Amino acid sequence: MNIDRRSVLATMGLATAASAIPLQARSRRRPNIILIVADDLGWGDVGCYGSPFIKTPHLDALARRGVRMTDFYASANVCTPSRAGMLTGRYPIRTGLAHEVIAVKDSKGLPLSEVTIADLLSPTYKTMLAGKWHLGHAAPSWPPMVHGFDSFAGIPYSNDMRPLNFYRSNKDGSLSDEPAVQEKLTEQFFDAGIDFIKANAARPFFLMLTPSAPHIPLRPGPAHAGRSAASVYGDVVEELDAAVGRVVAAVAKSGLTRDTLIMFTSDNGPWFEGSAGPHQGRKGGAGWDGGYLVPMIASWPGTLRARTTDAIGMNIDLLPTIASVAGVPLPSGVTIDGRDLLPTWQGGAASPHTQLILFNNERVAALRTPQWKYVGRSYYRPYNVPLAAIGYPLLFDVTRDPGETINLAPRYPAIAAQMAAQFKSARDMFEPLGVNQVPDSVPSAS
């Protein structure tokens, strides 16, 4: 089935084109691409983002020699829609997966009509997903090989869902599975990824590593348990950091350091534990930055110079950026909402976005521009409160107030009015695409 799918994609104009690589200095080979996506890791949980408790020397080293983005957003505040956005380069509402996360009893998944990063890179690249999938665990959306990955080693959904098995793809495309052991998951994910790197050192590869850490339950491996000043949560994050170090070492041992782009991010903000840094809100928390802002580190020695940028970006940008890096055209006939970040990473260019849209499920919750943040939707107890509709929009200058604490709408009415119009335009464009709309409910004043 995977072969047939690739044949179809090839007819859509997805054949590779070396001339599409907009790099001044070409590598002697197409660059390898490694994308590492943590699960529920907060913006403030990494040393280079200011964590005072959790030690992440390997991630900090990647950031020191690469690009660190301070204003990078997940495309949703929970994981299924965020991963859909990341893999397709499209706002998740376009994929039908914007509402909540896929549960064990669900049969929905990422439609086969969607073109993923792995689809885009096939067949020139060897591709693997090692870790959590959570984009459908029933046919036709399962397993990940139907979405362009040559191989898979991991779990179908979050590590707090049952039953939980660890799956491995076989050479014939079938799957083998065994009961998952929480304390071994991070090691197993990264072992599989490192084996993939070694096996494909002679040809370009795309490795997507999606560990379940630090999503609960928190079960660090024995070598890391009880070591972090940030309790068990810190143990799990520090184990994740050590695993990233193992990947970097494997790339270096294979002689591929200058031929490999390594990216690290998270699927959304922190849940019950962890730090969103100075930002308000957490995972699942309406339009506040704490649920969406995540670390983003990109390291490519010899191509990307060390820099920190406050240019705004989102995980929907990863597909077009990877396409640019790999020298493949974007899929034809498909609306891509993401933009190529490579000029920003290479030369410090401004963000390719004039605005980013933040969704809460299938409703537009907020807008972010390079300077301003407009919050038009929030929660209060059981209520889904449409702030913009009830005449209480919130406008923040997030360059000076990252905690979104001072509403400047009364002080800057013209800017508030402009962003209110943009907010309405985004709602009119996207919300009709939703399939699980929940009515607004406004608390009474008492």
Side-chain angles (χ1 to χ4, degrees), residues 31-51 54-75 82 86 117 131 186 190 193 197 206-211 213-214 237-252 256-270 274-277 279 289 292-319 321-322 324-325 338 340-349 351:
N32 310 306
I33 300 163
I34 299 175
L35 173 58
I36 305 172
V37 185
D39 194 355
D40 291 1
L41 182 75
W43 187 97
D45 286 334
V46 181
C48 59
Y49 283 85
S51 175
I54 302 174
K55 296 179 180 179
T56 55
H58 300 287
L59 288 169
D60 298 347
L62 278 182
R64 281 196 303 272
R65 59 177 176 262
V67 178
R68 183 177 72 93
M69 298 187 73
T70 60
D71 292 66
F72 187 81
Y73 289 79
S75 52
S82 174
M86 176 170 46
I117 295 172
T186 295
F190 281 84
I197 292 170
F206 170 55
L207 171 61
M208 189 168 178
L209 270 163
T210 55
V237 176
E238 291 182 10
E239 180 180 21
L240 175 60
D241 177 76
V244 171
R246 292 176 57 212
V247 168
V248 174
V251 169
L256 300 173
T257 297
R258 296 176 71 86
D259 292 312
T260 304
L261 168 63
I262 300 177
M263 296 167 285
F264 178 88
T265 188
S266 178
D267 64 346
N268 47 248
S275 170
H279 310 289
D289 268 2
Y292 302 83
L293 269 178
V294 290
M296 180 64 213
I297 300 168
S299 175
W300 189 0
T303 300
L304 299 181
R305 289 184 294 177
R307 62 165 40 92
T308 296
T309 176
D310 62 359
I312 60 173
M314 184 175 273
N315 68 7
I316 56 174
D317 298 329
L318 295 181
L319 182 144
T321 302
I322 288 171
S324 176
V325 167
D340 181 9
L341 291 174
L342 192 59
T344 301
W345 290 356
Q346 281 192 295
S351 171

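None of these values were measured; they are calculated from a predicted model.
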> Would a 4.5 Å heavy-atom cut-off, applied to side chains only, mark Pro295 and Leu59 as touching?
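They are not in side-chain contact.
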> So, taking the atom named CZ in Arg68 and the one named OG in Ser299, what distance separates them when rounded to the nearest 0.5 Å?
14.0 Å
> Please enumerate all residues that pass salt bridge (Lys or Arg N to Asp or Glu O under 4.0 Å) together with Arg305, with sequence neighbours excluded.
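Per chain and number, Arg305 pairs via salt bridge (Lys or Arg N to Asp or Glu O under 4.0 Å) with no residue.
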> Evaluate Thr260 against Ile33 for side chain to side chain contact (heavy atoms under 4.5 Å, CB included), listing each step before the verdict.
CA-CA 6 Å; Thr260 304; Ile33 300 163; over 6 Å; no
> Is the shortest heavy-atom distance from the side chain of Leu261 to the side chain of Asn32 under 4.5 Å?
no
> Can you name the closest pair of heavy atoms from Ala252 and Thr257 and give their distance?
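Heavy-atom minimum between the residues: CA-OG1, 3.3 Å.
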> Grab the two heavy atoms, one from Ala276 and one from Pro270, that are nearest each other, plus how far apart they are.
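Of all heavy-atom pairs spanning Ala276 and Pro270, the closest is N-CG, 3.9 Å.
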> Closest heavy-atom contact between Asp40 and Pro214?
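Looks like O-CG, 3.9 Å.
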> As a quick check of understanding, evaluate side chain to side chain contact (heavy atoms under 4.5 Å, CB included) for Val37 and Met86, giving each step before the final call.
CA-CA 10 Å; Val37 185; Met86 176 170 46; 3.7 Å; yes
> Taking all atoms of both residues into account, what is the closest heavy-atom pair of Gly302 and Arg258, and its distance?
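Scanning both residues, the minimum pair turns out to be CA-NH2, 3.4 Å.
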> Determine the sole option in Asn315, Asp267, Thr265 for which the side-chain hydrogen bond (donor to acceptor under 3.5 Å, both in side chains) test with Ser82 is passed.
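Per the side-chain hydrogen bond (donor to acceptor under 3.5 Å, both in side chains) rule, the option paired with Ser82 is Asn315, out of Asn315, Asp267, Thr265.
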> Once rounded to the nearest 0.5 Å, what's the spacing between atom CD1 of Ile262 and atom CH2 of Trp300?
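The CD1 atom of Ile262 sits 12.0 Å away from the CH2 atom of Trp300.
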> Kindly compute the distance separating OG1 (Thr303) from CG (Asp259), expressed to the nearest 0.5 Å.
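The CG atom of Asp259 is 8.5 Å from OG1 of Thr303, to the nearest 0.5 Å.
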> So, do Leu41 and Val294 sit near enough that their side-chain heavy atoms are less than 4.5 Å apart?
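No, every pair of side-chain atoms sits at 4.5 Å or beyond.
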> Taking the side chain as C-beta and beyond, is there a heavy-atom pair between Val46 and Ser51 under 4.5 Å?
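Answer no - side chains too far apart.
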> Please report the closest heavy-atom contact between Val237 and Asp45, naming both atoms and the distance.
CG1-O, 3.9 Å
> If I take atom OG1 from residue Thr309 and atom CH2 from residue Trp345, how far apart are they, to the nearest 0.5 angstrom?
11.0 Å
> Evaluate the side chain to side chain contact (heavy atoms under 4.5 Å, CB included) criterion for residues Met296 and Leu341: first the C-alpha distance (whole Å), next the side-chain angles of each, then the deciding distance (0.1 Å), finally the verdict.
CA-CA 12 Å; Met296 180 64 213; Leu341 291 174; 5.9 Å; no
> Can you find a pair of side-chain heavy atoms, one from Pro57 and one from Asp241, that are under 4.5 Å apart?
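Pro57 reaches Asp241 side chain to side chain.
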> Find the distance between CG (Leu256) and CD1 (Ile197) and round it off to the nearest 0.5 Å.
8.5 Å
> Give, for atom CD of Glu238 and atom OG1 of Thr56, the distance between the pair rounded to the nearest 0.5 Å.
8.0 Å
> Do the ring planes of Trp43 and His279 sit parallel (below 30°), tilted (30 to 60°) or perpendicular (above 60°)?
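Taking His279 first and then Trp43, their aromatic rings stand perpendicular (interplane angle over 60°).
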> Does Ile36 form a side chain to side chain contact (heavy atoms under 4.5 Å, CB included) with Phe190? I'd like the steps, not just the answer.
CA-CA 10 Å; Ile36 305 172; Phe190 281 84; 4.3 Å; yes
> Decide yes or no for Tyr49 and Ile297: does some side-chain heavy atom of the first lie under 4.5 Å from some side-chain heavy atom of the second?
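SC-SC contact between Tyr49 and Ile297 confirmed.
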> Answer yes or no: is there a donor N or O on one side and an acceptor on the other, between the side chain of Asp310 and the main chain of Thr70, under 3.5 Å?
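Not at all, since once roles are kept as given, no pair shorter than 3.5 Å links the two residues.
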> Are Met263 and Thr321 packed together at the side-chain level, in the sense that at least one heavy-atom pair is separated by less than 4.5 angstrom?
no
> Side chains of Ile316 and Tyr73: closer than 4.5 Å at any heavy-atom pair?
no
> Return the minimal non-hydrogen interatomic distance between Ala74 and Ser266, and the atom names on each side.
CB-O, 4.5 Å
